[in-house]
Structure formats: structure tokens, C-alpha cells
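Heads up, the thing below is written out as C-alpha cells.
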Amino acid sequence: MDIKDLTIRKFKDGLRNGDFSVREATEEYLKNIKENNPLLNVYLETFNERALEKAAESDKKIASKRDLGSLEGVPMAFKDNILIEGQIASSGSKILANYRAAYDATVTKKLEAEGVNILGRANMDEFAMGSSTENSAYGVTKNPWNLECVAGGSSGGSAAAVASNMALGALGSDTGGSIRLPASFCGVVGMKPTYGQVSRFGVMAMASSLDQVGPFAKTVEDAEMIYSALRGKDGRDSTSVDKDVEAINLSNPSDITIGLPKEYFVGGLDKETESAIQVTIDELKNKGFKFKEISLPHSKYALSVYYIIMFAEVSTNLERYDGIRYARDVEASNLFDLYMKTRGEGFGEETKRRALMGSFVLSAGHYDAYYTKAQKVRALIRKDFTEAFKEVDYIFSPTSPTTAFKIGERTDDAMKMYLSDILTMPVNLAGLPGIVVPVKGRDASMPVDFQLIAPHFHDRDLFALGKYYENL
Ligand code: GLN
């Protein structure tokens, strides 16, 4: 068995044909991890014993042909902010270095019920704050295509796990681009569902009005299989909904109009990205898809709005790490000292910056000028998309202005780092679904993914379009 060639689809076929057992496959993955993880820093921890036990359970089910899940035995990596009962969940932070999850996240329960085998917890920017995984307290994850480059962030470990065959699929979370950006930097498929499609219960909150969990995989079909297992209403997350709109029929591409937001194509795009994107547009045009320039006039405010709303929600969500709950072992002479030491030592630089900025934008004298205003502009950004979807069916763009950048290149300049997500964060502000798919047939050194955005709840259309492109 060569795990390099495997996809979830082929894995399922292989099991069905008896080509290998889940145990054999799991051992292959663990072997690859043992060899390559020290180089790439993808996993913070692997659950070898647990994974082999689960594999044996799956093999038993397969032998008896009973209770088989739709993802039986599929080896996956979970971002370190997703709770798995009994396992450490550190969210890439020192403050939670020893925190063990007391319960499963809903997504963990759902995927394990379908037979998924979680191999370990994947590296990430601390509390999902970053674009390069350089904010992890446990070291940077390297890009499997070029060890001098970042894997992207904040779900860098999850993306790199799939790209380096250390897992067949992975889960990440996306608040402003944290699934799509690393997927693009690592040349795999990544998808952020419509806000509400996937339960956030048991996923450590970053910015609650923006966070969604979603899949990474090698193919769009694989990503959809994971998505199908993830989605659905959950009584434990009141923002979750049950709305599964059937996928569009693509037998007549000429009936479909795809919008190209002019604001997303002006300046800043590197040559490699620009040409890869143009090739894809031409390919789709040849098949009959219509393309049309559109305008999302409030895009220019998206970054500022995101970085006010997100800061505000982050600072509120981080309040729980106070040294009493999720305790760390610190010597303190009084309560204030305990807070200071716990947070001073436990939080990284970027986390401190955001907690401070968030407290500032929410403070009595500044609340209206920043937070309330940002919420108003957020409504306008959302309206831009609603208007655009009256003219076009979907929206197409690059995922990021550049391919993966060098480790250290943006760490000294927060603004430069923040700009990495300029093309993904408006999608979160509007609560829309977005998928990123690797551009095919390039011989360039670093991968480029294009991004497709659909109206709310048309998540399945994105998979249909992605599969169409992959099969061209
Ligand atoms: N890079 C963005 C940020 O730093 C997005 C993070 C995310 O989606 N979790 O906030």
C-alpha cells in the first residue's frame, strides 16, 4: 500500500476489496508520522495506542459487516482546539499545556460515530490567532512543499498533515481564513461551511460570531464526505441549524454565472497566483461557465471591521483563562498575582495584543466608536454579497494574494501578517460558505488554490463545482 496515492474514496474501496486492513493502514500512517513529524512539526501529539485500538475495532466491524460508519477507519488529524475526551487540548497555548478535555466536542462525537480514527492533535496558532502557525507555543509547522516556508495558519498542522500524508483528512477551524489559507499554502482542499452548519460545541471559541469548523482533504469528494458527517443541528449550539440544500445540477454550465469581485483582483497579487487563477477562469469559461465582473464596494473596510469584531470577541472569550479555571501550576501570593502570573507566562505575544485591543474597543468610552460602528459596517459587507448574488450564482477569487511565505518573513509586522487573510475574512463576516481547491497542472514550486463562495446554505454547490473542476 502506498499511502501517497490514497484518498478517502480509495481507502474505502481498498477496505471493501480486502486490499489492506484498517490496522495495516493505521500502522503505515503512524510510521510516516514517526519519520516525518520531527521535520515538519505537524502533530503536537499522536494517540498511537488509542489509534491502534480504534483500528482493531473498525476491522472487527468490517469483518462482521455490522455498524460500519461512512468514514470507517479513516485516519484524521484534529486541530488542537477541538475537544477529545480524556486528551490534552492546548489550543497551541502554554496556558493550556496540561488541560485535558472533560468531554467530546460534537464534531468529535459525530466523526467517531462514523468510524473516523483520530491519529493526533495538530499544531495551530495560539487560540487560532494567526496566519502562519508561527504563533504556536510549540514551534512553527513547516510547509511540506518547502521547509523554509510556513504551512499557513491558523490550522497549519491540519493542512500540512494532509499534504504530507500524515492523515487522509483533517479538521480545522476558520474564523477569518484559518482553513482556507493553510489549505492553499499546502495545496490541499479546504472548506469553511456556512455559519451554523457545523456545531461549535466543544471547540474552543476564538470569535464566536465568525468561527466554523470544516474539513481538509486531498480531493473535493473526500472533503464532502467529511462535511456530510460534520454538519447538522446540535441542541448544544443554538447557532447551529438544519438546512441541507441539495447541490446544483451542473449539466449546463452555460446557465451559471460566476462573479469576479474587482476589489479582489487589484494589485497585491503575486504573479504565480495571478496566472494560476487566470488559467482556471479560462478553463471554466471553455466549458461554458459565464464570468462577470462584480463589485463588493465595502471590501476595503473588511480588514478593519474584522480586526475590531474579532478582537472584541477574542478578549471576551479569553477571560475564562484566569488561572482558577483551567488552572496552571503557579506560585502566587494573592489573587491578582495569580492572574498576572498565569496570563503573563501562559499567553503569547499575539494573544496578549488581541486581549488588550479587545478590551480597548469594548471599553465604555470607545464602544460606540469602534465596536458598534464595526457591526454596522459588517452589515454593509454582508449586504454587498446579498446584492452580488442577485447578479451572479457564485463568486470566484484567489485564496490569498501570495503563495506560502518564508518562515519569519511577516512575524515582525502584524499588519503584513493580518493582510494574508484579506480575501478570506469577508466570507466569515458575511457567514457564507467558501471552498478552496488546488489549481491543477502547474509545475511551479508552490501550490495555489482558488476560492469559490456560494450564497448561504449552498455549501453542497461548492462541492459540486469543485468536483466538476477536478474532473475536467
Ligand atoms: N488569520 C486570521 C487571524 O489571525 C484568521 C484566524 C482564523 O481564521 N482562526 O485572526
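Each ligand, and each atom within it, is numbered from 1 in the order the structure gives. In this chain, numbering begins with 1 at the start of the sequence shown.
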Task: Met310 N/O to ligand 1 N/O under 3.5 Å - done: no
Open item on the list: Taking the cut-offs as 6.0 angstrom to the six-membered ring centre and 45 degrees off its axis, would you call Lys94 and Phe347 a cation-pi pair?
Closed with: no
- [ ] Identify, by atom number and element, the atoms of ligand 1 in contact range of Tyr307, meaning under 4.0 Å from any of its heavy atoms.
- [x] 2 (C), 3 (C), 4 (O), 10 (O)
Open item on the list: List ligand 1 atoms under 4.0 Å from Ser154, heavy atoms only on the residue side.
Closed with: 9 (N)
TODO: Considering heavy atoms of the protein only, find what lies nearest to atom 4 (O) of ligand 1 and give residue, atom and distance to 0.1 Å.
DONE: Arg354 NH2, 2.8 Å
Open item on the list: I want to know if ligand 1 touches Gly177 in the polar sense, i.e. an N/O pair below 3.5 angstrom.
Closed with: yes
Task: atom 7 (C) of ligand 1: nearest protein contact (heavy atom, Å) - done: Ser178 OG, 2.4 Å
Open item on the list: Would Ser131 count as being in polar contact with ligand 1, using the rule that some N or O on each side must be under 3.5 angstrom apart?
Closed with: yes
Task: atom 5 (C) of ligand 1: nearest protein contact (heavy atom, Å) - done: Tyr306 OH, 3.2 Å
- [ ] Could you tell me whether Arg231 and Asp242 make a salt bridge, using a distance below 4.0 angstrom between a side-chain N and a carboxylate O?
- [x] yes
TODO: Taking only heavy atoms of Ala128 into account, list the atoms of ligand 1 that are under 4.0 Å away from them.
DONE: 6 (C), 7 (C), 9 (N)
Open item on the list: Can you give me the closest heavy-atom contact between Ile277 and Asp449, atom names plus distance?
Closed with: CD1-O, 4.3 Å
Task: Proximal ligand 1 atoms for Met206, defined as those under 4.0 Å from one of its heavy atoms - done: 9 (N), 10 (O)
Open item on the list: Glu387 vs Lys390, test: salt bridge (charged side-chain N to carboxylate O under 4.0 Å, His left out). Steps then yes/no.
Closed with: CA-CA 5 Å; Glu387 292 300 318; Lys390 287 180 187 160; 3.1 Å; yes
Open item on the list: Using salt bridge (charged side-chain N to carboxylate O under 4.0 Å, His left out), reason through Glu224 and Lys467 one step at a time and then give a plain yes or no.
Closed with: CA-CA 10 Å; Glu224 185 171 18; Lys467 283 187 280 191; 2.8 Å; yes
- [ ] Measure from NZ or CZ of Arg320 to the centre of the six-membered ring of Tyr326, then state whether that distance is under 6.0 Å and the direction lies within 45° of the axis.
- [x] no
Task: Gly130: numbered ligand 1 atoms lying under 4.0 Å from its heavy atoms - done: 1 (N), 2 (C), 3 (C), 4 (O), 6 (C)
TODO: Considering only NZ, NE, NH1 and NH2 on the basic side and carboxylate oxygens on the acidic side, decide whether Asp244 and Arg460 come within less than 4.0 Å.
DONE: yes
TODO: Decide, yes or no, whether a salt bridge links Arg50 with Glu45 under the criterion of side-chain N to carboxylate O below 4.0 Å.
DONE: no
TODO: Quick one: look at Met425 and ligand 1, take heavy-atom pairs under 4.0 Å, and tell me if it's side chain, backbone, both or neither.
DONE: neither
Task: Close-contact set for ligand 1 against Asp421 heavy atoms, below 4.0 Å - done: 1 (N), 2 (C)
Open item on the list: Could you tell me if the side chain of Met191 sits less than 4.5 Å from the side chain of Ile179, heavy atoms only?
Closed with: no
